[in-house]
Amino acid sequence: MTQTAPPPVQQPVAALAGRPADAPAERSVRTIVSPLALAGRRGKVTYWSVFALVVVLFAFAFLFPVYWMVTGAMKPPEEVVRTPPTLVPEQWQVTGYTDAWDLMRLPTHLWNTVVQATGAWVLQIVFCTAAAYALSKLKPAFGKVILGGILATLMVPVQALVVPKYLTIADMPLIHVNLLNDPLAIWLPAVANAFNLYLLKRFFDQIPRDILEAAEIDGAGKLRTLWSIVLPLSRPVLGVVSIFALVAVWQDFLWPLMVFSDTEKQPISVALVQLSQNVPLTVLIGAMVIASIPMVLMFLVFQRHIIAGISAGSTKG
């Protein structure tokens, strides 16, 4: 009786590849340039050359207007309007900035803008956070209906709300107070920001319920839970909302122009237009550079909060 030889043992593909059989298979990654092409010297040189070219082009597209504005204030008035223009000032001077600071009364208008932006930011953080917390965690009656009505205001064009807001500010309902030429005319409409409220609510929805229940077991009330648990966890989104609130007031033009007829109380965005008719072009450019410095500094300081706040809502934890 002949004995048949046992079939050869087939080793797992993972063992042949030099990894344990129970190790997870590596997923192939598709890229524009294959790893084989990048392994060679020619592929590396081509890849990094194209990468550097793209970075330089994007940096030039974004930074050249800033350079043109900064150096434009350092040129004589006749050199600014010269054709063809000069890339580098032939005569460097800072009179454009000093005259803008004095002639256009920039300290006064910058301070007005700081007061208006700070008040709008504080009130928006307080009331939008409270409203978002109530809609997200307290679950009030008709909460979904209220949230739907708030979000419906995002569908209305901003220009359609200008006249109703102006009539409301000119004669406040019930109390009949005129808030024109008052910072409250900027602060109160800024509080009703449906986008920031919805952004805060969506972030609060992702806070685990177990954490809030543990705080309730320890005897924390609703306000204590908001102050000690929710707000510390919400620093990224609060940073994003703060930046949105400050930038919105700082760059707004139409609404401050309507509610501030007194030139001494106008913000920088309105003053630049109102006073630009009687000053040289270099002085106007210098004033625009000075007016943009606070927002640039704020972005550089809080840019990590922008990235953290945008990515905070992508995961649930």
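In this chain, residues are counted from 1 in sequence order.
Judged by distance alone, the side chain of Asp218 and the main-chain N or O of Ala220 form no donor-acceptor pair under 3.5 Å. Of the possible donor and acceptor atoms, one in the side chain of Trp255 sits under 3.5 Å from a partner among the backbone N and O of Ala185. A donor-acceptor pair is defined here as one N or O able to donate and one able to accept, closer than 3.5 Å; such a pair exists between the side chain of Ser292 and the backbone of Val289. Checking side-chain atoms of Thr282 against main-chain N and O of Pro77 turns up no donor-acceptor pair under 3.5 Å. One N or O on the side chain of Tyr133 and one on the backbone of Lys222 form a donor-acceptor pair closer than 3.5 Å. Trp187 places a side-chain N or O within 3.5 Å of a backbone atom of Gln116 that can act as its donor or acceptor partner. With Glu216 contributing its side chain and Gly221 its backbone, the two residues share no donor-acceptor pair below 3.5 Å.
Using a 4.5 Å heavy-atom cutoff, the side chains of Val230 and Leu212 are in contact. Between Val259 and Lys165 the shortest side-chain heavy-atom distance does not fall below 4.5 Å. Counting heavy atoms from C-beta on, the side chains of Val270 and Phe260 never come closer than 4.5 Å. By the 4.5 Å heavy-atom criterion applied to side chains, Asn112 and Gln266 are not counted as neighbours. The shortest side-chain heavy-atom distance between Val241 and Cys128 does not fall under the 4.5 Å cut-off. Using a 4.5 Å heavy-atom threshold, the side chains of Ile207 and Ser234 count as touching. Side-chain contact check for Lys75 versus Ile285: every heavy-atom pair is 4.5 Å or farther apart. The shortest distance between side-chain heavy atoms of Asn196 and Val240 does not fall below 4.5 Å.
Counting all heavy atoms, side chain and backbone alike, Ala291 lies closest to Leu110 at CA-CD2, 4.5 Å. When all heavy atoms are compared, the tightest approach of His109 to Leu275 is NE2-CD1, 4.0 Å. When every heavy atom of Thr71 is checked against every heavy atom of Pro89, the shortest pair comes out as O-CG, 3.8 Å. Closest heavy-atom contact between Gly143 and Leu135: O-CD2, 3.8 Å. Closest approach of Pro267 to Pro256, counting heavy atoms only: CG-CB, 3.6 Å. Between Phe204 and Thr129, the shortest heavy-atom contact is CE1-O, 3.7 Å.
Taken together through direct or relayed side-chain contacts under 4.5 Å among Ile, Leu, Val, Met, Phe, Trp and Tyr, Ile293 and Met295 form parts of separate hydrophobic clusters. Under the 4.5 Å side-chain heavy-atom criterion for grouping Ile, Leu, Val, Met, Phe, Trp and Tyr, Leu272 is not connected to Phe253 through any hydrophobic cluster. In the hydrophobic cluster analysis, where Ile, Leu, Val, Met, Phe, Trp and Tyr join through side-chain heavy atoms closer than 4.5 angstrom, Val162 is grouped apart from Val156. Transitive grouping of hydrophobic side chains (ILVMFWY, heavy atoms separated by less than 4.5 Å) keeps Trp250 and Val273 in distinct clusters. In the hydrophobic clustering of ILVMFWY residues, with side-chain heavy atoms under 4.5 Å counting as a link, Leu197 and Met155 come out together.
Annotation: Trp121, atom CH2; neighbour count of heavy atoms from other residues, nucleotides and ligands within 6.0 Å does not exceed 12. Within a 6.0 Å radius of CZ in Arg82, more than 12 heavy atoms belonging to other residues, nucleotides or ligands are found. Around CD of Gln91, the count of heavy atoms belonging to other residues, nucleotides or ligands within 6.0 Å does not exceed 12. The number of heavy atoms from other shown groups lying within 6.0 Å of CD1 (Ile175) is above 12.
Atom CG in Leu231 sits 10.5 Å away from atom OG1 in Thr225 (nearest 0.5 Å). With rounding to the nearest 0.5 angstrom, the CG atom of Asp99 is 11.0 Å from the CG atom of Leu106. Between Glu264 atom CD and Asn181 atom CG the span is 11.5 Å, to the nearest 0.5 Å. Of the inter-residue distances, the one linking Ile169 atom CD1 with Asn178 atom CG reads 9.0 Å to the nearest 0.5 angstrom. Rounding to the nearest 0.5 Å gives a distance of 10.0 Å between NZ of Lys201 and CD1 of Ile150. Rounding to the nearest 0.5 angstrom, the gap separating the CG atom in Leu147 from the CZ atom in Phe142 is 15.0 Å.
With sequence neighbours left out, Trp68 forms a ring-ring contact (aromatic ring centres under 6.0 Å, His included) with Phe64.
Counting only N and O atoms by type, the side chains of Asp252 and Ser269 include no donor and acceptor under 3.5 Å apart. A side-chain N or O of Glu79 and one of Thr86 form a donor-acceptor pair less than 3.5 Å apart.
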Pairs under 3.5 angstrom only: tabulate donor-acceptor contacts from the side chains of residues 53-62 to other protein residues two or more places apart or in another chain.
none

Please lay out, stage by stage, how Asn193 and Phe127 fare under the test side-chain contact (heavy atoms from CB on, under 4.5 Å). CA-CA 10 Å; Asn193 192 309; Phe127 288 99; over 6 Å; no
